[in-house]
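Remarks on the structure that follows.
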Amino acid sequence: KRRLVRSSLCMRICPRDVQRAKEKRGRGKPMVCRACNAGMKNGECVLKNVVYCMSCTVCGELYVGETERPVRERFQEHYRDAKVMAARTPWGGHYKYEHRESSTSSPSFQPFHQARILGRESSPPSRKYLEATEIGRRQREINCDSGWRLSA
C-alpha cells in the first residue's frame with residue numbers, strides 16, 4: 001500500500017512541480033513529464049477525459065488520440081512505444097517505418113511536440129465521437145485508423 005500511495009502515477013500534480021520542490025530541499029532524482037516536454041500548458045498534463053493532438057518532431061505529421069486517464073500517463077505510453085519502435089502501435093510503427101534512422105536511444109529523444117488539448121468529454125461515446133471528428137478534419141497521418149465510423 002505504501003508503494004502505491006507514493007507512486008508518481010497516483011499524483012494529481014505534474015511531476016515537474018514535484019521535482020522543483022525536491023530540488024529546493026536538495027534531494028530527489030529527476031522526474032520527467034512527457035506531456036509537459038511535448039508542449040502541454042501548465043497543469044494540462046493531469047487532465048482526464050480529453051481528446052488531444054500532437055505532431056512528430058521529425059516530420060511534423062499529426063496524431064489525434066483520446067484518453068480517460070491523465071494525459072501524462074498516455075503520453076508516457078506513446079513515448080515508450082516510439083522509443084522501442086513497437087510496430088503495432090501508432091507511434092511505434094511511425095518511428096519503425098518512417099524514421100528508422102532516428103536515434104531513439106539518445107537521452108534527449110523526444111518523439112512528439114506541439115501537443116495540445118482539443119476537447120474534454122466525460123462520457124466515452126462522446127469522447128470517441130470527438131476524436132473521430134478531429135481525425136476526420138485532418139489527414140490521417142500517424143493514426144492507424146480513423147476512430148469511430150461516422151455516417152454522413
Side-chain angles (χ1 to χ4, degrees), residues 3-4 6-20 22-23 28-121 124-150:
R3 285 186 184 150
L4 180 61
R6 293 196 173 265
S7 167
S8 64
L9 292 177
C10 296
M11 286 192 251
R12 290 198 174 128
I13 57 174
C14 177
R16 280 188 171 180
D17 295 336
V18 172
Q19 179 62 30
R20 287 183 196 121
K22 284 183 176 183
E23 286 172 356
K29 61 180 183 178
M31 297 177 84
V32 177
C33 179
R34 304 287 177 206
C36 289
N37 287 353
M40 285 281 169
K41 294 179 184 146
N42 193 23
E44 286 184 336
C45 66
V46 296
L47 294 178
K48 296 179 179 181
N49 299 314
V50 299
V51 174
Y52 58 88
C53 177
M54 59 178 128
S55 60
C56 175
T57 54
V58 178
C59 64
E61 287 188 4
L62 293 174
Y63 174 81
V64 175
E66 64 88 20
T67 184
E68 69 178 346
R69 297 175 294 140
V71 173
R72 67 185 178 88
E73 287 181 23
R74 188 67 183 113
F75 275 46
Q76 181 63 34
E77 291 170 356
H78 288 314
Y79 175 84
R80 182 194 61 232
D81 293 341
K83 191 163 183 75
V84 300
M85 296 186 182
R88 292 186 175 182
T89 65
W91 280 101
H94 181 71
Y95 268 82
K96 183 172 185 168
Y97 301 118
E98 302 294 328
H99 308 304
R100 182 174 280 280
E101 73 287 347
S102 294
S103 176
T104 60
S105 60
S106 166
S108 61
F109 175 66
Q110 180 63 31
F112 39 78
H113 66 145
Q114 296 178 340
R116 63 187 184 279
I117 303 292
L118 301 174
R120 293 184 75 184
E121 290 289 343
S126 298
R127 203 170 45 252
K128 292 281 190 187
Y129 178 79
L130 179 59
E131 178 193 30
T133 56
E134 291 294 341
I135 291 171
R137 285 185 191 162
R138 297 159 174 80
Q139 288 184 334
R140 199 180 85 207
E141 296 171 340
I142 296 177
N143 290 81
C144 295
D145 60 33
S146 56
W148 273 11
R149 284 191 178 191
L150 303 176

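Treat the numbers as computed from the prediction; the structure is a model and nothing was measured.
- Distance alone, capped at 3.5 Å, places no donor-acceptor pair between the Arg72 side chain and the Ala35 backbone.
- Applying the side-chain hydrogen bond (donor to acceptor under 3.5 Å, both in side chains) test to Arg137 and every residue at least two apart in sequence or in another chain returns Glu134.
- Using modelled atom types, no side-chain atom of Ser55 and backbone atom of Gln114 make a donor-acceptor pair closer than 3.5 Å.
- Residues Phe75 and Met54 are in side-chain contact: their nearest non-hydrogen atoms beyond the backbone lie under 4.5 Å apart.
- Not counting sequence neighbours, the partners of Arg80 by the side chain to side chain contact (heavy atoms under 4.5 Å, CB included) test are Glu77.
- Atoms CD1 and CG, from Ile117 and Asn49 in turn, are 11.0 Å apart once rounded to the nearest 0.5 Å.
- When every heavy atom of Cys53 is checked against every heavy atom of Arg138, the shortest pair comes out as SG-NE, 4.1 Å.
- Rounding to the nearest 0.5 Å gives a distance of 8.5 Å between CG of Leu130 and OG of Ser126.
- Tyr63 and His94 have their aromatic ring centers separated by at least 6.0 angstrom.
- When all heavy atoms of Asn143 and Val64 are compared, the closest pair comes out as ND2-O, 2.5 Å.
- Between Lys83 atom NZ and Ser102 atom OG the span is 11.5 Å, to the nearest 0.5 Å.
- Here the side chains of Glu73 and Thr67 are not in contact, with every heavy-atom distance at 4.5 Å or above.
- Closest heavy-atom contact between Met40 and Ala115: CE-CB, 4.0 Å.
- Proximity of His99 to Cys56: side-chain heavy atoms (C-beta onward) are separated by under 4.5 Å at one or more points.
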Exercise. After noting the C-alpha distance and the side-chain angles of Tyr52 and Arg74, does the key distance pass the side chain to side chain contact (heavy atoms under 4.5 Å, CB included) rule?
Worked result: CA-CA 10 Å; Tyr52 58 88; Arg74 188 67 183 113; 3.2 Å; yes
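- Between the CG atom of Asp81 and the NZ atom of Lys96 there is a distance of 12.5 Å, given to the nearest 0.5 Å.
- With Tyr79 as the fixed residue, the ring pair (Phe, Tyr, Trp, His ring centres under 6.0 Å) test singles out one of Trp91, Phe112, Phe109: Phe109.
- Residues satisfying the side chain to side chain contact (heavy atoms under 4.5 Å, CB included) test with Lys41, not counting sequence neighbours, are Glu44.
- Annotation for Ile142 and Glu61: closest pair CD1-O, 3.6 Å, computed over non-hydrogen atoms.
- The heavy-atom pair separating Glu141 from Gly60 by the smallest distance is OE1-O, 4.4 Å.
- The backbone N or O of Pro111 sits less than 3.5 Å from a side-chain atom of Tyr95, completing a donor-acceptor pair.
- The CG atom of Asn37 sits 11.0 Å away from atom OG of Ser108, with the distance rounded to the nearest 0.5 Å.
- In this structure, the separation between CD on Gln110 and CZ on Arg34 is 7.0 Å, given to the nearest 0.5 Å.
- Between Glu131 and Leu118, the closest side-chain pair of non-hydrogen atoms is not below 4.5 Å.
- Scanning all heavy atoms of the two residues, the minimum distance from Val51 to Glu66 falls at CG2-CB, 4.0 Å.
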